[in-house]
Amino acid sequence: MALKQEWLQRLEELYCLIEEKRAARFYQHRGLSQPRLPRHFHTSTNLRLFYLPTEPSALRISVSKKNFKLAVVRNKIKRQIKDIFKKNNLLGSGVFVVLVYKPFAELKYSEASVEIVKAVESLYQKGTLIE
């Protein structure tokens, strides 16, 4: 079990590194200056959660049209995430940005709730959030 957790953590680190390199190449090719990405984030197979401490309290949700073709599904996912944040009182100071991936649609509401709460708690454990 511990080996699996270490492997998953390493896989997430590699994924983030690959994404950063891909973004750097994109901006370099276009001759643009690369914006700074926030370092306070949690990644899983279902979603990626960023925390931006600079702005007032807010929740921003990105559900890709590429992954979820129907607007009904995209709106349902957004409503679920807003409801989970509201019920668990997860919004504090700062902005949470949630990027949703395709496997998230297969989760039940309770599973999605556990996933999001774990993501926010992991940010608290990293010491990036202040209660």
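All values reported here derive from a predicted model rather than from experimental measurement. All values below were derived from every heavy atom in this structure, side-chain atoms included, with hydrogens, water molecules and symmetry-related copies excluded.
Pairs of residues two or more places apart, or lying in two chains, never qualify as ring-ring contact (aromatic ring centres under 6.0 Å, His included) while including a residue from residues 103-123. Applying the salt bridge (Lys or Arg N to Asp or Glu O under 4.0 Å) test to every pair with at least one member in residues 83-101, sequence neighbours left out, gives these pairs: Asp83-Lys87. The list of ring-ring contact (aromatic ring centres under 6.0 Å, His included) pairs with a residue in residues 75-94, not counting sequence neighbours, reads Phe85-Phe96.
Under the salt bridge (charged side-chain N to carboxylate O under 4.0 Å, His left out) criterion, Lys108 pairs with no residue, sequence neighbours left out. Applying the side-chain contact (heavy atoms from CB on, under 4.5 Å) test to Asn88 and every residue at least two apart in sequence or in another chain returns Ile84, Leu90, Ser113, Val117. Residues passing the side-chain contact (heavy atoms from CB on, under 4.5 Å) test with Lys76 are Arg79, Gln80, sequence neighbours excluded. By the side-chain contact (heavy atoms from CB on, under 4.5 Å) test, Lys82 pairs with Leu59, Ile61, sequence neighbours left out. Applying the side-chain hydrogen bond (donor to acceptor under 3.5 Å, both in side chains) rule to Asn75 yields no partners; only residues at least two apart in sequence or on another chain are considered.
In this structure, the side chains of Leu49 and Tyr51 stay at 4.5 Å or more apart for every pair of heavy atoms. At least one side-chain heavy atom of Val114 sits under 4.5 Å from a side-chain heavy atom of Lys118. With contacts defined as side-chain heavy-atom distances shorter than 4.5 Å, the pair Val100/Ile81 qualifies.
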Per-pair distances, 0.1 Å, donor-acceptor, side chain in residues 62-69, under 3.5 Å, sequence neighbours excluded:
{"residue": "Ser64", "atom": "OG", "partner": "Lys66", "partner atom": "N", "Å": "3.1"}
{"residue": "Lys69", "atom": "NZ", "partner": "Lys66", "partner atom": "O", "Å": "3.3"}

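Contact detail for Ala105 and Ile77: the closest heavy-atom pair is CB-CD1, 4.4 Å.
A distance of 8.5 Å separates CG in Leu99 from CG in Leu47, rounded to the nearest 0.5 Å.
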